[in-house]
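One structure is given here, and the rest of the page talks about it.
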Amino acid sequence: MLTGLARLGLEAKDLATVREFYEGRLGLAADAADATRVRYPIGEAAERPDDGAGRTALVLRRPVDRPRGGVHTHFAFATSRSAYPRWRRRLADLDPVEFSFGSSDSLYVYDPAGHCVEIGGIHGESPADASNTSADATAPGEAADTEAPPLSGIFEVVFEVTDLDRAEARYRRLGFEVVDRGDERRRVRLSGPVDLELWEPQLGIADARGGLHVDLALRTVDPDAAVEAGGPWAAGPTAAEGGLRVVDDDGHVLTFLPGA
């Protein structure tokens, strides 16, 4: 039913400061910006701007309009395993928290707006990584790479929810599948066009919190069918961006956009 992640929206009161982080630290390049909003294509969208509208974007917004971007959202960028050590060196002065998931490693830092940004080495080597083999061999303590390693996409977003069972049922109706449940923490992980972690209020790795009123735009072959499958909704649907926008019981905003 759902075919891809089109957008993740984040709230930021001071766009200039947050832009310094995402552009200077993470190497993202904006393809649209004004006084209240800036948009960054991610992964293939950044490399192929002509068809970037069909791919994933990160959008930063000042809280002056609706939908507001998420507050203290925890989300994860994907990179390759070979690029991961370069990210560790590049962000070392931010004191990242690192965690191993067995087959992959992640580091966690906070942007100036309080969003927990995870970078996970989850992919095999890409051509861009192969061209930077010498950079990967840089010894600890040497100068950091001047260019940011590649980020291939956004693979995870964390929602804070008040009723875990209710939220799980809604997103399973939208086609997400449960792949993990917390033993000690009240959480469930679902796989789909982007992985969702649903958390009841708590602190996770790096003291991260689940996002409040997260703003996601998802592609689907049939926006009307997606609205019907996920309902009933706390608000909506309303027409938006050529698709349909709804709000779930926890205040998270979903926009279903047509697209394969």
Exercise. Under 3.5 Å, is there a donor-acceptor pair between the side chain of Tyr84 and the main chain of Gly120?
Worked result: no
Exercise. Between the side chain of His252 and the main-chain N/O of Val214, is any donor-acceptor distance below 3.5 Å?
Worked result: yes
For this session: To the nearest 0.5 angstrom, please state how far the CG atom of Leu26 sits from the OH atom of Tyr40.
Result: 9.5 Å
Exercise. Should we count CD of Glu98 as having more than 12 external heavy atoms under 6.0 Å?
Worked result: yes
Exercise. Any side-chain heavy atom of His115 sitting closer than 4.5 Å to one from Val18?
Worked result: no
Problem set entry | Exam field: side chain Arg186 to backbone Pro201, donor-acceptor pair closer than 3.5 Å | yes
Exercise. Arg189 and salt bridge (charged side-chain N to carboxylate O under 4.0 Å, His left out): which partner among Glu168, Glu197, Glu177?
Worked result: Glu197
Seminar exercise, completed: One should read off an interatomic distance between Trp87 CH2 and Ile119 CD1, to the nearest 0.5 angstrom, of 4.5 Å
Problem set entry | Given Arg7, Arg68, Arg66, the one that forms salt bridge (charged side-chain N to carboxylate O under 4.0 Å, His left out) with Asp215 | Arg7
For this session: With rounding to the nearest 0.5 Å, note down the distance linking CD in Gln202 to CZ in Arg187.
Result: 8.5 Å
Exercise. Same cluster or not: are Leu257 and Leu216 linked, directly or through other Ile, Leu, Val, Met, Phe, Trp or Tyr residues, by side-chain heavy atoms under 4.5 angstrom apart?
Worked result: no
Seminar exercise, completed: dist Leu218:CG -> Thr3:OG1 (nearest 0.5 Å) comes out at 8.5 Å
Exercise. At what distance, to the nearest 0.5 angstrom, does OH of Tyr171 lie from CG of Asp248?
Worked result: 4.0 Å
For this session: Using the ring of Trp233 (Phe, Tyr or Trp, six-membered ring only), decide whether Arg245 places NZ or CZ under 6.0 Å from its centre and within 45 degrees of its axis.
Result: no
Exercise. How long is the gap from CG on Leu198 to CG on Leu164, to the nearest 0.5 Å?
Worked result: 6.0 Å
For this session: Compare all side-chain heavy atoms of His213 with those of Val71 and state whether any distance is below 4.5 angstrom.
Result: yes
For this session: Verify, without hydrogens or angle tests, whether Arg25 (side chain) and Arg90 (backbone) share a donor-acceptor contact under 3.5 angstrom.
Result: yes
